[in-house]
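What you see is a predicted model; the values in this text were computed from it and never measured.
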Amino acid sequence: MQVISKQLAEGVHLTYLPARKFKTSLLSAQFVTPLRHQTVAANALLAAVLRRGTVSYPDLGALSARMDHLYGARVDYTVRKKGENQCVGFVASFIDDSFVPGGEKLLEPVAELVGQLICEPVTHHGRFVPSYFESEKANLIDAIRSQVNDKRDYADARLLEEMCAGEPYGISRLGREKDAERLQPQKLYAQYGELISTSRLELIYCGSASLERVEAALRQAFSSLPRDGSYESAPTMTHAGAAEPRYVEEAMDVTQGKLGMGFSCNGDDVPALLVGNALFGGSSNSKLFLNVREKLSLCYFASSVYHRQKGIITVSSGIEFENYQKAYDEIMLQLRAVQRGELEPWEMDSARSVLRNAYVSMGDSQGKLENFYLGQAATGQDETPEILAEQVGAVTVDRVVEAMERVTLDTVYFLKGKGDAQ
């Protein structure tokens with residue numbers, strides 16, 4: 001796939017992904033803005049409120065009728081965290097022009113609708129419609145509160161919050177409940193004006209339309225977008241490892257403990273760290289899965305994730321409370337095995353294969369492609385999935401050992417039961 005990236009206007013960038021094998025086209029419009037406690041909840045709410053209506057289509061019924069007229073097009077709002085930036089906006093999916101009856105063109109009207117959602121929201125006396133604001137604010141608060149219901153995700157988020165305390169990377173994409181509760185209509189409308197006028201706008205298109213058509217459609221759709229800022233996204237800063245590991249415990253009414261461990265990578269050989277993490281806990285053939293979970297039955301689940309933009313590895317595991325020390329010791333033992341190069345040839349082959357397949361298969365999903373290239377744009381990376389697949393395929397055992405030897409324990413988070421003696 002020949003990926004083309006170009007600037008359409010000040011602070012407006014297009015990633016063009018030509019593809020003829022899909023029956024649908026995808027158009028994404030995302031504002032990329034630094035993660036800050038002061039604005040993250042407001043931006044998350046904005047995405048939902050903007051999706052409620054435009055000047056031309058002032059409610060969900062009118063919007064739905066318009067999308068039905070566009071052969072069942074869909075436009076969903078998104079709130080994501082990429083590196084140390086928050087990305088908020090819309091992703092539209094619609095029948096690719098090559099499959100539309102009678103040769104009707106859908107790119108232009110869909111682009112126009114997305115532009116209207118952003119630039120021409122329905123308002124009431126110079127603010128967002130009160131009922132839209134109140135209902136979406138309640139939904140946001142509920143979403144923030146409900147994060148604690150999935151204890152695995154909650155523990156993973158708390159580990160990052162503790163490990164990256166004082167860094168934007170530790171901030172939740174939805175913000176804090178107390179910040180969401182304080183939001184008022186006037187403040188939200190002011191934040192809307194700030195966001196669309198000063199934030200970088202990343203546009204991503206995947207489909208069969210020519211680059212010239214896509215450019216023309218998007219220039220027209222966003223012709224009224226105000227531009228009045230530096231439009232720079234926040235560069236992702238590599239995490240500076242702690243001098244000594246930090247240990248954090250939290251007690252809740254749970255029947256299963258959640259042990260999270262954060263490691264600083266202290267190196268920049270990304271392909272080697274990708275393979276090293278796959279060997280450690282990033283696949284179903286990893287040492288954590290085969291030994292800590294399957295062989296020793298110390299964990300209900302055990303896996304690791306390499307956050308390549310931040311230079312950290314996090315481990316997520318579910319354990320019996322009394323197995324805390326055994327699980328902790330065994331996780332560290334498996335890391336040391338990777339660091340010493342205690343690897344069978346099949347382990348290296350499996351790790352490289354898993355990663356190569358993951359990158360190669362991105363080309364089969366427009367959603368995965370959009371998510372990948374948004375992350376690349378937001379964090380200043382330029383590798384394609386094909387390049388990453390080639391890079392991980394060339395990683396040797398020696399490179400894995402050299403990269404993983406620098407990995408050090410940074411933060412340990414343990415979610416335990418109330419009254420647990422641990």
Side-chain angles (χ1 to χ4, degrees), residues 1-9 11-32 46-48 50-54 56-57 63-80 82 87-100 103-121 195-196 199-225 362-378 385:
M1 179 180 292
Q2 183 183 4
V3 180
I4 298 175
S5 299
K6 64 183 305 180
Q7 181 173 317
L8 299 185
V12 181
H13 299 261
L14 169 64
T15 299
Y16 173 73
L17 308 173
R20 293 188 175 274
K21 65 179 179 179
F22 300 109
K23 293 184 177 180
T24 59
S25 291
L26 179 146
L27 177 62
S28 174
Q30 305 289 323
F31 287 101
V32 180
L46 268 175
L50 291 174
R51 178 59 179 77
R52 293 296 295 266
T54 72
S56 300
Y57 311 102
L63 278 172
S64 180
R66 176 56 178 159
M67 286 186 282
D68 285 344
H69 184 73
L70 296 172
Y71 296 89
R74 287 189 55 182
V75 181
D76 298 311
Y77 76 85
T78 58
V79 182
R80 287 172 280 185
K82 298 293 183 182
C87 302
V88 295
F90 300 98
V91 176
S93 178
F94 51 100
I95 298 176
D96 193 84
D97 287 347
S98 57
F99 293 92
V100 180
E104 185 176 349
K105 304 300 184 184
L106 295 185
L107 168 62
E108 286 78 4
V110 170
E112 179 184 30
L113 181 58
V114 173
Q116 289 176 351
L117 286 168
I118 291 173
C119 301
E120 301 174 21
L195 179 72
I196 69 166
S199 298
R200 179 186 180 108
L201 177 60
E202 288 291 341
L203 301 170
I204 300 172
Y205 171 81
C206 182
S208 68
S210 68
L211 175 60
E212 292 73 22
R213 266 192 68 203
V214 174
E215 279 192 64
L218 294 176
R219 289 183 191 278
Q220 177 62 33
F222 292 96
S223 60
S224 62
L225 182 72
M362 281 185 184
D364 298 326
S365 167
Q366 289 177 313
K368 288 181 179 179
L369 285 170
E370 185 271 345
N371 192 54
F372 175 84
Y373 280 103
L374 175 62
Q376 295 294 86

Undergrad: Any idea which heavy atoms bring L106 and L70 closest together, and the distance?
TA: CD1-O, 3.9 Å
Undergrad: Looking at residues at least two apart in the chain, or sitting in another chain, which of them share a salt bridge (charged side-chain N to carboxylate O under 4.0 Å, His left out) with K23?
TA: none
Undergrad: Give the C-alpha distance, both sets of side-chain angles, the deciding distance and a yes or no for side-chain contact (heavy atoms from CB on, under 4.5 Å) between V75 and F94.
TA: CA-CA 9 Å; V75 181; F94 51 100; over 6 Å; no
Undergrad: Do any pairs count as a side chain to side chain donor-acceptor pair (under 3.5 Å) and have a residue in residues 110-121, sequence neighbours left out, and if so which ones?
TA: none
Undergrad: Can you tell me how far the CG atom of L218 sits from the CG atom of L14, to the nearest 0.5 Å?
TA: 6.0 Å
Undergrad: Of all heavy-atom pairs between T78 and A47, which one has the smallest distance, and what is that distance?
TA: O-CB, 4.1 Å
Undergrad: For S64, give me all partners under side chain to side chain contact (heavy atoms under 4.5 Å, CB included), at least two apart in sequence or on another chain.
TA: D68
Undergrad: Counting neighbours of CD on Q2 that are heavy atoms of other residues, nucleotides or ligands and sit closer than 6.0 Å, is the number greater than 12?
TA: no
Undergrad: Between V91 and S28, is there a side-chain heavy-atom distance shorter than 4.5 Å?
TA: yes
Undergrad: Counting C-beta onward and ignoring hydrogens, is there a side-chain heavy-atom pair between Y373 and V3 closer than 4.5 Å?
TA: yes
Undergrad: Give the intermediate values and the outcome of side-chain contact (heavy atoms from CB on, under 4.5 Å) for residues L26 and L17.
TA: CA-CA 10 Å; L26 179 146; L17 308 173; over 6 Å; no
Undergrad: Provide the closest heavy-atom pair for F222 versus C119 in the form atom of the first, atom of the second, distance.
TA: CD2-SG, 4.3 Å
Undergrad: Got R213 and D97 here, is their nearest side-chain heavy-atom distance under 4.5 Å?
TA: yes
Undergrad: Less than 4.5 Å apart, side chain to side chain, heavy atoms only: is that true for I118 and F31?
TA: yes
Undergrad: What donor-acceptor contacts under 3.5 angstrom involve side-chain atoms of residues 199-209, with partners at least two apart or in another chain?
TA:
{"unit_1": "S199", "atom_1": "OG", "unit_2": "L195", "atom_2": "O", "d": "3.0"}
{"unit_1": "R200", "atom_1": "NE", "unit_2": "E202", "atom_2": "OE2", "d": "2.3"}
{"unit_1": "R200", "atom_1": "NH2", "unit_2": "E202", "atom_2": "OE2", "d": "2.9"}
{"unit_1": "Y205", "atom_1": "OH", "unit_2": "S25", "atom_2": "OG", "d": "3.4"}
{"unit_1": "Y205", "atom_1": "OH", "unit_2": "S208", "atom_2": "N", "d": "3.3"}
{"unit_1": "Y205", "atom_1": "OH", "unit_2": "A209", "atom_2": "N", "d": "3.0"}
{"unit_1": "S208", "atom_1": "OG", "unit_2": "D96", "atom_2": "OD1", "d": "3.2"}
{"unit_1": "S208", "atom_1": "OG", "unit_2": "D96", "atom_2": "OD2", "d": "2.4"}

Undergrad: Quick one: do K82 and Q30 satisfy side-chain contact (heavy atoms from CB on, under 4.5 Å)? Show the steps, please.
TA: CA-CA 11 Å; K82 298 293 183 182; Q30 305 289 323; over 6 Å; no
Undergrad: Take atom OH in Y77; do more than 12 heavy atoms of anything else shown fall under 6.0 Å from it?
TA: no
Undergrad: Any chance you could lay out the side-chain contact (heavy atoms from CB on, under 4.5 Å) test for Y57 and T54, step after step, and finish with the verdict?
TA: CA-CA 5 Å; Y57 311 102; T54 72; 3.5 Å; yes
Undergrad: Do F90 and L50 have side-chain heavy atoms sitting under 4.5 Å apart?
TA: yes
Undergrad: Salt bridge (Lys or Arg N to Asp or Glu O under 4.0 Å): which pairs involve residues 363-376, sequence neighbours left out?
TA: K21-D364, R80-E370
Undergrad: Suppose we screen for side chain to side chain donor-acceptor pair (under 3.5 Å). Which residues come up paired with K6, at least two apart in sequence or across chains?
TA: E215
Undergrad: Hey, what do you get for CZ (F22) to OG (S98), rounding to the nearest 0.5 Å?
TA: 12.0 Å
Undergrad: Closest heavy-atom contact between Q7 and R219?
TA: O-NH2, 4.5 Å
Undergrad: Of all the heavy-atom pairs spanning A111 and L27, show the shortest one and how long it is.
TA: CA-CD2, 3.7 Å
